[in-house]
Amino acid sequence: MSAMLDSPVPASRPVATSTGSGDVLGLRISAALIDLAILFVLFLLLSVMAGEVTSQGGQTAFLLDGADFATYLALVFVYYLVLEATLGRTVGKLLLGLQVVGWDGGRPSVVAVAIRTILRIVDWLPVLYLVGFVAMLVTGERRQRLGDLVAETRVQRTSPIRHRGFYAALLAVFLFAAVAVPVVSTGVLGGLLSSLTYSSVSCVMDRCNATVRGDQVLDLSGHAVAVSDVGTGNEALGTSPRATFTVDGDTVTLRVGETRQVGSSRVHLTSVEVDVAKFSVDFGGPFVNGSDLGDASRGQTSSYDSYTPVTDDQDVVTVEVPVEWDDVDGREDPEYGPSIVAAPDLEQYERTWDVPGIMVEVSSRYGADDISTMLDEIGPSEQCRSEGREAYDDPPYRGEIQRWTGCGGTDTTVLTAAVAPADSSYLILIIGQAVDARDLAAFERALATVDVSTVSAVPSESIVTEEDWLKKVEGLRSEIDDAIGYEDAELTTSVMTDMATAMRMCSRTLASGPSGARLQRLHTLVGKACAEYDKGADCLATAADIGSPEVGSAEDRKLTKALNCGFDGLNRGGELLIDAEFEAEDLLTTQPR
């Protein structure tokens with residue numbers, strides 16, 4: 001063994017001469033601490049340059065995430081790989097007279113150094129190289145960590161560099177300065193900088209969510225917001241957490257969970273920690289300024305005079321709506337779950353953009369993970385212009401809200417929301433159609449009052465036997481044809497809308513059902529048929545929106561194109577469903593009993 005340790009390193013690499021073996025455990029630990037100090041300073045510098053540095057409650061936090069943290073990890077890997085592959089030692093090893101060598105005492109390969117570097121991740125576990133320290137204890141005088149064992153490398157003593165005390169002092173000064181500058185600038189000067197910085201702020205449309213110190217003035221969506229005082233409260237004195245806000249010159253003090261009107265804006269205080277408040281502000285009222293709705297909102301009051309609770313037919317979901325919205329449909333949506341639709345006139349609400357209303361649906365088939373996907377699917381993207389999404393966080397529900405404007409060429413605004421409780425046991429969809437500012441307030445009222453009384457009553461995916469589903473496939477085309485039944489009727493807006501509704505029966509009725517290899521081919525065929533029906537239904541809905549344009553006009557050409565697309569979808573969907581009927585009939589005759 002001693003002969004191996006005394007083997008000379010190849011002359012192709014000028015390194016310090018080996019001084020023998022000896023126990024290197026203490027030196028390895030000290031060298032590792034020096035390297036960690038250097039990498040810690042690198043972390044601080046990257047946080048200042050590319051990450052986030054906050055100063056709250058007298059404490060300074062340095063944060064790196066996402067691509068910035070990945071960059072830091074890459075630099076850590078490069079630090080060890082380059083220095084140990086070229087010099088055989090990091091800065092810590094250089095100062096303390098240590099060197100990485102191969103099993104034969106010679107220069108380790110780049111691959112070996114890369115392996116021992118990557119395995120530092122394992123040696124680090126669970127914290128501060130604990131696994132590596134245990135490995136060095138059990139490997140005796142060799143003092144090898146797991147990375148050394150796998151890469152067949154070890155660390156031995158060498159002659160330390162000359163004047164290492166001087167270089168160590170220079171390194172210490174550098175590390176101290178590198179740490180002191182960001183800490184002083186964000187900690188000691190934190191009070192000075194706090195008026196210019198904040199922890200986090202995000203604004204979508206006219207709503208802003210913020211987490212800020214208690215002595216800041218912010219510019220949020222063009223509005224001056226000052227958080228002048230934040231207090232966590234005192235349980236012994238009976239005081240609760242609260243914060244004081246000044247918005248465009250008007251001031252209000254809120255307790256946690258409260259929402260108050262401040263001038264023309266609404267402020268909601270979510271939480272308070274030490275001297276930091278988390279809150280949201282809706283400028284100009286709920287979600288949007290009434291002026292954004294054009295002339296339709298002028299002369300209107302900002303909210304309805306009174307509201308009343310309505311409940312679905314299954315007594316699962318309750319929501320408050322204006323008393324004027326007395327046309328209510330509480331029937332369950334067979335595809336989604338318990339549902340409520342309320343409006344002054346449901347027929348006009350569903351067919352035009354001129355009547356306000358709201359739809360609320362609840363399903364246990366979906367949860368928080370489906371929020372974004374669901375909003376992608378339910379938005380009126382072809383007939384309205386999206387104004388973006390904003391986060392919604394008002395316990396017990398969290399989710400997202402999306403706003404659509406210019407619907408059907410009118411001043412009508414549509415708001416879509418998908419929210420879920422903390423346990424993600426169900427998902428609530430809310431779609432509101434707002435003709436004036438009062439309807440926006442009604443949407444906010446619905447979002448704040450929606451209540452699912454018995455989660456267990458929310459139906460899961462309908463359990464349909466294979467035989468029942470096959471019979472549905474076999475008879476659905478006739479149902480769709482009977483529901484359409486307008487071969488000789490004039491294609492009015494009402495007729496085209498009813499045809500589109502009938503064509504969507506395919507997806508609503510056959511989307512769910514038993515699965516398995518036996519039904520796989522039929523599911524594929526039914527899916528293609530329903531997709532054609534849905535495409536045709538969308539085209540007919542577009543035709544219904546166009547109405548009766550002047551013959552020969554551009555709108556007339558659009559109408560002709562939409563009608564052709566609609567009837568093509570109807571014909572192709574019907575042909576595919578005929579094939580599906582024969583397949584279903586065959587499966588029914590061979591179905592195991």
Side-chain angles (χ1 to χ4, degrees), residues 54 56 194-233 240-293 297 302-303 386-405 413 415-417 419 430 432 434 437-449:
T54 62
Q56 300 176 358
S194 62
S195 63
L196 304 175
T197 62
Y198 49 80
S199 298
S200 63
V201 170
S202 62
C203 296
V204 178
M205 301 183 290
D206 292 309
R207 166 174 282 197
C208 291
N209 297 312
T211 303
V212 302
R213 290 175 53 84
D215 53 359
Q216 291 186 245
V217 179
L218 305 175
D219 181 0
L220 304 181
S221 291
H223 299 263
V225 178
V227 187
S228 56
D229 182 49
V230 176
T232 56
S240 58
R242 78 304 173 260
T244 300
F245 301 88
T246 300
V247 182
D248 293 339
D250 295 312
T251 302
V252 66
T253 298
L254 299 177
R255 295 188 301 273
V256 171
E258 275 192 319
T259 302
R260 295 275 296 281
Q261 193 79 19
V262 189
S264 61
S265 306
R266 294 168 64 84
V267 182
H268 173 76
L269 180 60
T270 303
S271 64
V272 168
E273 295 180 8
V274 191
D275 62 343
V276 177
K278 181 178 181 181
F279 64 96
S280 61
V281 186
D282 290 326
F283 296 104
F287 304 107
V288 61
N289 276 321
S291 59
D292 289 344
L293 293 173
S297 65
S302 59
S303 63
S386 174
E387 299 294 342
R389 294 181 187 177
E390 64 182 37
Y392 179 81
D393 187 355
D394 191 5
Y397 301 118
R398 292 182 178 179
E400 296 179 1
I401 302 172
Q402 187 162 5
R403 174 187 164 204
W404 305 81
T405 58
T413 293
L415 294 165
T416 57
V419 299
I430 303 179
R438 298 181 308 162
D439 306 325
L440 293 170
F443 179 87
E444 184 183 38
R445 180 69 169 259
L447 195 56
T449 60

Do L254 and V252 have side chains that approach each other closer than 4.5 Å (heavy atoms only, starting at C-beta)?
yes

For residues 243-271, pull every pair meeting ring pair (Phe, Tyr, Trp, His ring centres under 6.0 Å), keeping only residues two or more places apart or in separate chains.
F245-F279

T405 and E387: side chain donor to acceptor below 3.5 Å:
yes

Would you please name every residue forming a side-chain hydrogen bond (donor to acceptor under 3.5 Å, both in side chains) with S271, sequence neighbours left out?
none

Nearest 0.5 angstrom please: R389 CZ to Q402 CD, how far?
4.0 Å

Can you name the nearest heavy-atom pair linking A277 to L269, along with the distance?
CB-CD1, 4.1 Å

Tell me every residue that passes side-chain contact (heavy atoms from CB on, under 4.5 Å) with A417, counting only those two or more places apart in sequence or in another chain.
I401, I430, F443, L447

Among V212, T246, V276, find the one that has a side-chain contact (heavy atoms from CB on, under 4.5 Å) with V227.
V212

Mind checking whether E444 and D282 have side chains closer than 4.5 Å, heavy atoms only?
yes

For a 4.5 angstrom cut-off between non-hydrogen side-chain atoms, does V267 reach V247?
yes

Separation of W404 CH2 from L415 CG (nearest 0.5 Å)
11.5 Å

Kindly write out the residues that satisfy side-chain contact (heavy atoms from CB on, under 4.5 Å) with T244, not counting sequence neighbours, or none if the list is empty.
S228, D229, T251, T253

Could R403 and E390 be called an ion pair, given the rule that one side-chain N must be under 4.0 Å from one carboxylate O?
no

